[in-house]
Structure formats: C-alpha cells, structure tokens
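The structure presented is a predicted model; accordingly, all values stated were derived computationally and were not measured. This chain uses plain numbering: 1 for the first residue, then up along the sequence. Basis for what follows: all heavy atoms, side chains included, without hydrogens, waters or symmetry-related copies.
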Amino acid sequence: MHLSTKYSIAVHCLIFIHEYGETKKVTSELLAISTGSNPVTIRNIISSLKKENIISVKFGTGGATINRPLKEISLYRIFSAIEPNFLDKLIGIHPAPSPFCPVGKNIHNVLDTTYGKMRSDLCRSFQSITLEEIVNEYHNIC
C-alpha cells in the first residue's frame, strides 16, 4: 500500500499553519520552503483544504488559518479533502482481469469483501487520529 506524499505535505502545512498562522502571514511560498515542495503543489493542497473548510485564506493579502478546533480535524478528513476517494486508490482491484480465466472472472467477487473490510478498518483508524494528536506529538518531539 502507498499513501501519496501529498498527505504528509498537507499535515505538515496544517501543523505550520497552526503554529504560525496567528502571528505570521502563512503563504504558499512560505509553506513550499518549509515542506521542500513546489509552490504549485502547496497551492493545490491549500485549495483542497480550503474547499473542505478546514482552513481559511485571507483574500488578497494571503495568510492561512485553521477554521476549527484541531480535535475536530481527523486524518480521514484531511486525506479526503486532498483526494476524495483515497481509500479506493489505496486499496484497489485491478480493473480488467480476463473474463476467460476462472480466477480472473471471479477475482472481484473474491476480493470485494476482504478489501471492503480493509477499507472500513482503515477508515475507522484514519477517523480516530486527530490533528490535535499530531500537533501534540510534534510538541513532544520538539
């Protein structure tokens, strides 16, 4: 399984915004420097987080702030903002197995239940981890 680096960049940005958003003008350029990412990537992530009302960005002058208490922002919400069907992409079944092969014509039915359980378990896990916990971990390490 593979989680896109966009998710860790999004979490990085949210921690940065939480730590500095009230005292500094947090811009995509500043976040790009902090994350080591391209500013376009940051702008796309910021746009996705803004659409889901996780953050606000001041029109014109820029500067991002977090909209809600950290305990209300789960990893699931963050990841879904970045990529709405991230679990399906994380745990997917190859789309075109051979209908002439006994395994190929049945593999989707075989894996649907198992993969559905995996998606459900991961969903619960991602929903149980909040940005508050991640920020607390950041403070414990720093």
For S28, the side chain to side chain donor-acceptor pair (under 3.5 Å) test, sequence neighbours excluded, returns R43
Give every residue pair that meets the salt bridge (Lys or Arg N to Asp or Glu O under 4.0 Å) criterion with at least one member in residues 59-74, sequence neighbours excluded.
R68-E72
Salt bridge (charged side-chain N to carboxylate O under 4.0 Å, His left out) involving D88 - partner list, sequence neighbours excluded:
R119
Please confirm whether the backbone N or O of L31 pairs with a side-chain atom of T35, one donor and one acceptor, at under 3.5 Å?
yes
Apply side chain to side chain donor-acceptor pair (under 3.5 Å) to N44 and list each qualifying residue two or more places apart in sequence or on a separate chain.
none
Measure the spacing between CZ of F126 and SG of C123 and express it to the nearest 0.5 Å.
9.0 Å
Output yes when a side-chain donor or acceptor of S80 lies under 3.5 Å from a complementary backbone atom of Y76, and no otherwise.
yes
Show me the side-chain donor-acceptor pairs of residues 99-109 shorter than 3.5 Å, one per line, residues at least two apart or across chains.
unit_1 : atom_1 : unit_2 : atom_2 : d
N106   : ND2    : P102   : O      : 2.9
H108   : NE2    : H94    : O      : 3.0

Sorted by chain and number, sequence neighbours left out, side chain to side chain contact (heavy atoms under 4.5 Å, CB included) with K58 holds for T61
Pairs flagged by salt bridge (Lys or Arg N to Asp or Glu O under 4.0 Å) wherever residues 76-87 is involved - sequence neighbours left out
K6-E83, E83-K89
Can you find a pair of side-chain heavy atoms, one from F16 and one from V26, that are under 4.5 Å apart?
yes
Run the salt bridge (charged side-chain N to carboxylate O under 4.0 Å, His left out) test against K50 and tell me which residues pass, sequence neighbours left out.
none
Check side chain to side chain contact (heavy atoms under 4.5 Å, CB included) between E19 and all other residues, then give those that pass, not counting sequence neighbours.
I15, V135, Y138, H139
With sequence neighbours excluded, residues passing side chain to side chain donor-acceptor pair (under 3.5 Å) with S56:
N67
Which residue pairs pass the salt bridge (Lys or Arg N to Asp or Glu O under 4.0 Å) test when at least one of the two sits in residues 130-142, sequence neighbours left out?
none
Side chain to side chain donor-acceptor pair (under 3.5 Å) partners of S120, counting only residues at least two apart:
R124
In Å, rounded to the nearest 0.5 Å, how long is the span from CG of N85 to CG of L90?
12.0 Å
